[in-house]
There are 2 protein chains.
Amino acid sequence: MSAAHTDVPSVLAHELPRPVPAAEFAACPVTEVFRRVGDKWSMLVVIVLGQRPHRYNELHRAIEGISQRMLTRTLRGLEADGLVDRTVAATVPPSVSYSLTPLGRSLLEPLSALADWAVAHAGAFGRRA
Amino acid sequence: MSAAHTDVPSVLAHELPRPVPAAEFAACPVTEVFRRVGDKWSMLVVIVLGQRPHRYNELHRAIEGISQRMLTRTLRGLEADGLVDRTVAATVPPSVSYSLTPLGRSLLEPLSALADWAVAHAGAFGRRA
DNA sequence: CCGTATCCGATTTGATACTG
DNA sequence: CAGTATCAAATCGGATACGG
């Protein structure tokens, strides 16, 4: 490491150039995103739906640890944020399919950057002291 | 977007190729990372420290919304995860400087990918309905 | 099959006051 | 300056039971 600090690419360097006014941080988009998708299940659902659309009970089985309550809440949140589409087929019995919107699919890529980092540093991270 | 679904680059595609066994998801590194850094303040602190090292009260002022309690807790967590270094100068009055470790600095980059996404879609996201 | 309703414990955060 | 202690509030999450 030669330079004092890593040069930060992209918007971070652009948006946070100096001692930070702080008030602007409250509205920081990164924080916003994490506050919305950073809960216990949202990202998992996004990733699973990234493979293919799933019906409600498919999701319930695929994620397994999740309760109906949280699955519904999570899906409603993702729906409200425009990341997930809910499609109802008026059949008997009823069938509801969930899929990613284009916006939701676009989130998969930055997510993978974080996934790469997580995998690469899984050893150093994770173990507290 | 021509294909049925976005082709997911990197580890996401590699680690989650099929209907998902789900048990393996519990140990998903991405989830791990989010569970640790996905709290209310951690990422903000990492980003602020990415600009330059800060002392305790500098951080307190820079982030502004944060309470002393949460600032300390957040710093201790980041320290335990090897993302932040704490350096005490035995002066009068005492001075404690916090800075990113190499690991912490490396996290800045995937974070910026997410930041780019957040900025790019700030309009579509954020507004619920 | 696809949810909703209710209850309750666990975790997280904030406000405030105090200390070496 | 750099924290800790304590209390209360809000939020999150799981279990269970019920309804369209």
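A, B, ... follow the sequence lines: proteins, then strands. Residue 1 opens every chain. Values below: every heavy atom of this structure, side chains too, minus hydrogens, waters and symmetry copies.
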With A:Arg69 via side-chain contact (heavy atoms from CB on, under 4.5 Å) - residues at least two apart: A:Ser67, A:Arg73
Those residues that, when tested against A:Tyr56, pass ring-ring contact (aromatic ring centres under 6.0 Å, His included) (two or more places apart): none
Sugar-phosphate only, base, or nothing, as touched by B:Ser95 at under 4.0 Å among non-hydrogen atoms: sugar-phosphate
B:His60 NE2 to C:dA15 C1', straight-line distance once rounded to whole Å: 11 Å
DNA chain D: stems of at least 3 consecutive Watson-Crick or G-U pairs whose donor-acceptor distances fall under 3.5 Å: C:3-20 with D:1-18
Nucleotide-resolved protein contact map, nucleotides 5-20 of chain D, B/S/- at heavy-atom distance under 4.0 Å: -B------BBB-B---
A:Ile66 vs A:Leu44 side-chain heavy atoms within contact, under 4.5 Å: no
With sequence neighbours excluded, residues passing side chain to side chain donor-acceptor pair (under 3.5 Å) with A:Arg35: none
Atom pair distance, as rounded to whole Å: CD in B:Glu79 and C1' in D:dG3: 13 Å
For B:Trp41, ring-ring contact (aromatic ring centres under 6.0 Å, His included) partners two or more places apart: none
B:Asp39: partners by side chain to side chain donor-acceptor pair (under 3.5 Å), with sequence neighbours left out: B:Ser42
C:dT4 OP1/OP2 closer than 4.0 Å to side-chain N/O of A:Arg76: yes
Spacing of B:Leu71 atom CG relative to D:dG3 atom C1', expressed in whole Å: 10 Å
Partner residues of A:Ala89 under the side-chain contact (heavy atoms from CB on, under 4.5 Å) criterion, sequence neighbours left out: A:Thr91, A:Ser95
Counterpart residues, side-chain contact (heavy atoms from CB on, under 4.5 Å), relative to A:Val92 (two or more places apart): none
Separation of atom CD in B:Glu64 from atom C1' in C:dG14, rounded to whole Å: 15 Å
D:dG3 phosphate, OP1 or OP2, under 4.0 Å from B:Tyr98 side-chain N/O: yes
